[in-house]
Amino acid sequence: MSNLKNLFSPFRIGNMEVRNRFVMPPMGTNLAEPDGTAGEKLLKYYTERAKGGFGLIITECSAVSKNGRSLIQECGMWDDSLIPSYQKLTAAVHAEGAKIAMQLRHCGRETEPKYTGGGDVVAPSAIPCPACQSMPKELSTEEVYELIQTFSDAALRVKKAGFDAVEFHASHGYLIAQFLSEHANKRTDEFGGSLANRMRFLREILRETKRKVGDDFPIFIRLSGTEMITGGRGLQETKAVAMMCEEEGAALLHISISTYGSLKYCIGSTYLEPGYETAAAAAIKKIVNIPIITVGRYLDPEIAEAVITDGSADLVAFGRQSICDPHFPKKIQEGREDDIIRCMHCNQGCIMHLFSDEPISCVVNPFNGTEEEYIANKAAVKKHVVVIGGGPGGMQAAWIAAGRGHQVDLIEKADRLGGAFLAAAYPPAKQPIARALGYWEKQCRKYGVNIRLNTEATTALIAELAPDVVIVASGSTNLTPPIKGLDPAKLLNPCDVLFGKQVTGHKVLVAGGGLIGAETADFLAEQKRDVTIIEMKKEIAEDLDPYGKPMLIDALKASGVKMLTSAAIQEFLDDGVLYKDLTDKKETVYELSGFDSVVLALGTRKYDPFSEELKDKVKEVYVIGDAKKAGKVYAATHESVEVAMMI
């Protein structure tokens, strides 16, 4: 594309030339083998991104020692025996024309004993990480010097494994960053106190690495421009660190922000603007003469082009978008924008899987491969497939089945596709959901799915269509628990409120503070409604990831939304509720009233009026997503792929 000339131009980093400015940054996957080696899964994962056009791939954080890990299946470079498996990986990536660096790290205090292989959690000082909270052992001065050798020895292994560069993770509060920050470093020896002393650990790592790998092997440094935490390192100190890195021969700086203590900035939620970390990168670029990579919620290549054009950075990292669509750069270059698999920044399959010690996946792209992989396996017998419901699961099942050669009818009772999930795109900051829905719809149309809008699925209609297969993706309905006075006809449905089908009064009570209720409250508060949330659990939006949740809570507080938690509704009134305070052992019943409107958001339940009726009439009937069990969209899209591939 002519308007992306900088993004697609080659660039030199030290003695290495990359074919474009698209970077896949390091992101944990849990795809390595248990012993730290690279197996077929990891090789395929990175090779696909190289094939997809990324110029530079930086592999996920790889441990320099066993007690420096924070993932169950983390890559490693703590021993020479690990080298051969990574030689296969680098050879495969190079064969696709990309350059590849390995990021090395030691977690320090940002881990837990279950990950360290029985070793101590260690840190510059015996201060727990605000998030992980394990009490670390303070490293002795002798142990610090030993770790300098550990890092530099691992870097030499990186070179021997055929990587084009090594990156030291000195960002996000990991061990090197802990030494750099007075928030974590209270030492009184030569590695603590003044900034010069706090930089000594990184400086010595750079010097030892240079001595072992030579001047012809580029060294990258990942730095947090600012730690965004009280007592942490700010931008001015980071500028000094950046200058020191350049003095010691670093070839590139990779700039982000935050630590685990400021987690809401670590993985950018949709409440943060695209490129939210670029200001820090731009400030550092002004004072050094080595290249800068910027990162932070980049989805649109036009924004990345602007960042390079205005001189804020030299290369741009597309993190979760590279997970979602490994062929992102290639599709842009070929003008195939409609085929781009769009990241929603929902974090369900990627980040949250890491927290659960599972391999990463993706809601929109369940197999982390490409859409071509799904449809390459053509159906041996062509069947007539009817899909009931045009939400994410229904659309994904429909287009994959059609792409594999089946005749597919998609039945949707509304006048547009998306189902209830479309309503989820309406609250402030949730617009990426609409991008993903648009992708699924375009794929349906591309592969010839017969979309029947404004059509109610009935047994008679199914009989008329006479399908071989029915996929029930009819979603969920609003949960109406047996609470006195609860009359759905008198209460507002959150989806109808978000779609504008129901309009609230000025003073609104949202009954239920899960994700649906909290985001509906955010939507109403933006419209200057006086909103109160009542929630039985201890926290609002308990089911939201730890990156988006604090941002949503901050937004609700800033808008003046009143949040009443640990409150169990006993009865619905015409203008409010009676409730019990679950923290009050007296079980006093309180009244919350005077509202113009009450929105019922107490959860959802599965909606499947079809499978029992059809099981004796249709040869194959499958139920997926919320129609099977009300839950997150992740289940719907993954089940849809499984079903569509087995037909």
Side-chain angles (χ1 to χ4, degrees), residues 363 366-367 374-375 377-422 437 440-441 443-444 447-482 488 493 495 603-647:
V363 165
F367 293 155
Y374 305 143
I375 62 174
N377 181 17
K378 298 297 182 183
V381 178
K382 305 299 187 286
K383 298 178 181 179
H384 181 194
V385 180
V386 168
V387 179
I388 302 174
M395 284 193 284
Q396 182 118 294
W399 80 255
I400 294 174
R404 295 187 61 230
H406 297 299
Q407 175 193 342
V408 181
D409 285 284
L410 175 58
I411 301 173
E412 170 55 50
K413 65 182 179 180
D415 60 356
R416 52 186 169 171
L417 295 174
F421 199 58
L422 179 58
L437 288 169
W440 284 314
E441 180 173 350
Q443 293 299 97
C444 284
Y447 290 104
V449 174
N450 181 27
I451 300 171
R452 295 168 173 256
L453 298 176
N454 298 301
T455 303
E456 187 78 34
T458 63
T459 305
L461 176 60
I462 302 300
E464 180 185 332
L465 293 172
D468 303 298
V469 181
V470 170
I471 300 174
V472 180
S474 45
S476 59
T477 59
N478 222 9
L479 186 64
T480 54
N493 182 296
C495 285
T604 58
R605 60 183 176 86
K606 68 177 184 179
Y607 177 66
D608 171 22
F610 305 104
S611 60
E612 281 298 313
E613 287 189 31
L614 296 174
K615 67 180 182 180
D616 296 325
K617 298 179 177 67
V618 180
K619 186 177 292 186
E620 296 179 62
V621 178
Y622 303 95
V623 184
I624 63 172
D626 279 7
K628 182 178 180 181
K629 181 182 179 181
K632 293 185 179 294
V633 67
Y634 179 89
T637 58
H638 279 244
E639 289 166 7
S640 71
V641 172
E642 291 172 9
V643 169
M645 295 298 289
M646 74 170 62
I647 296 171

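Source: prediction; values computed, not measured.
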- Query: Would a 4.5 Å heavy-atom cut-off, applied to side chains only, mark V387 and V449 as touching?
  - Reply: no
- Note on the structure: Output for pair (S640 OG, W399 CH2), nearest 0.5 Å, gives 9.5 Å
- Message: Could you check whether any side-chain heavy atom of L437 comes within less than 4.5 Å of a side-chain heavy atom of M395, counting everything from C-beta outward?
- Response: yes
- Item | Sidechain-backbone polar pair: K378 side chain, G403 backbone, donor-acceptor under 3.5 Å | yes
- Query: Going from OH on Y374 to CD on Q443, what distance comes out if it is rounded to the nearest 0.5 angstrom?
  - Reply: 10.5 Å
- Task: Provide the closest heavy-atom pair for C444 versus L410 in the form atom of the first, atom of the second, distance.
- Result: SG-CD2, 4.4 Å
- Query: Which atoms form the tightest heavy-atom contact between L417 and E441, and what is the distance?
  - Reply: CD1-CG, 3.7 Å
- Query: Quick one: are D608 and K628 in side-chain contact, heavy atoms under 4.5 Å?
  - Reply: no
- Query: For the residue pair Y447 and A402, what are the closest heavy atoms and their distance?
  - Reply: O-CB, 3.5 Å
- Assess whether atom NZ of K632 is packed by more than 12 heavy atoms of other residues, nucleotides or ligands within 6.0 Å. yes
- Please round to the nearest 0.5 Å and tell me the distance separating atom NZ of K382 and atom CD of Q407. 12.5 Å
- To the nearest 0.5 Å, atom CG of L465 lies from atom NE2 of H384 at 5.5 Å
- Message: Before you tell me yes or no, could you show the steps for R416 and L422 under side chain to side chain contact (heavy atoms under 4.5 Å, CB included), namely the whole-Å CA-CA distance, both residues' side-chain angles and the distance that decides it to 0.1 Å?
- Response: CA-CA 9 Å; R416 52 186 169 171; L422 179 58; 3.7 Å; yes
- Task: Decide yes or no for F610 and I462: does some side-chain heavy atom of the first lie under 4.5 Å from some side-chain heavy atom of the second?
- Result: no
- Between S474 (side chain) and A627 (backbone), is there a donor-acceptor pair under 3.5 Å? no
- Roughly how far, to the nearest 0.5 Å, is OG1 of T455 from CD1 of I388? 12.0 Å
- Flag the pair K383 / E620 as yes when at least one side-chain heavy-atom distance between them is below 4.5 Å, and no otherwise. yes
- Run through V623, V385, L614, I411 and flag the one making a side-chain contact (heavy atoms from CB on, under 4.5 Å) with V470. L614
- Item | Contact check, side chains of E456 and K413, non-hydrogen atoms, under 4.5 Å | yes
- Message: For a quick test of reading the model, state the closest non-hydrogen atom pair linking D409 to R452 and the distance between them.
- Response: OD1-NE, 3.2 Å
- Over all heavy atoms of both residues, which pair between V641 and Q396 is shortest? Give the atoms and the distance, please. CG2-NE2, 3.5 Å
- Query: With no hydrogens and no angle check, is any side-chain donor or acceptor of H406 less than 3.5 Å from a backbone partner on I647?
  - Reply: yes
- Query: Is there side-chain contact between D415 and N454, with heavy atoms separated by less than 4.5 Å?
  - Reply: yes
- Message: Any heavy-atom pair between the side chains of R605 and T477 that's under 4.5 Å?
- Response: yes
- Work out which heavy atom in I375 is nearest to a heavy atom in I400; give both atom names and the distance. CG2-O, 4.0 Å
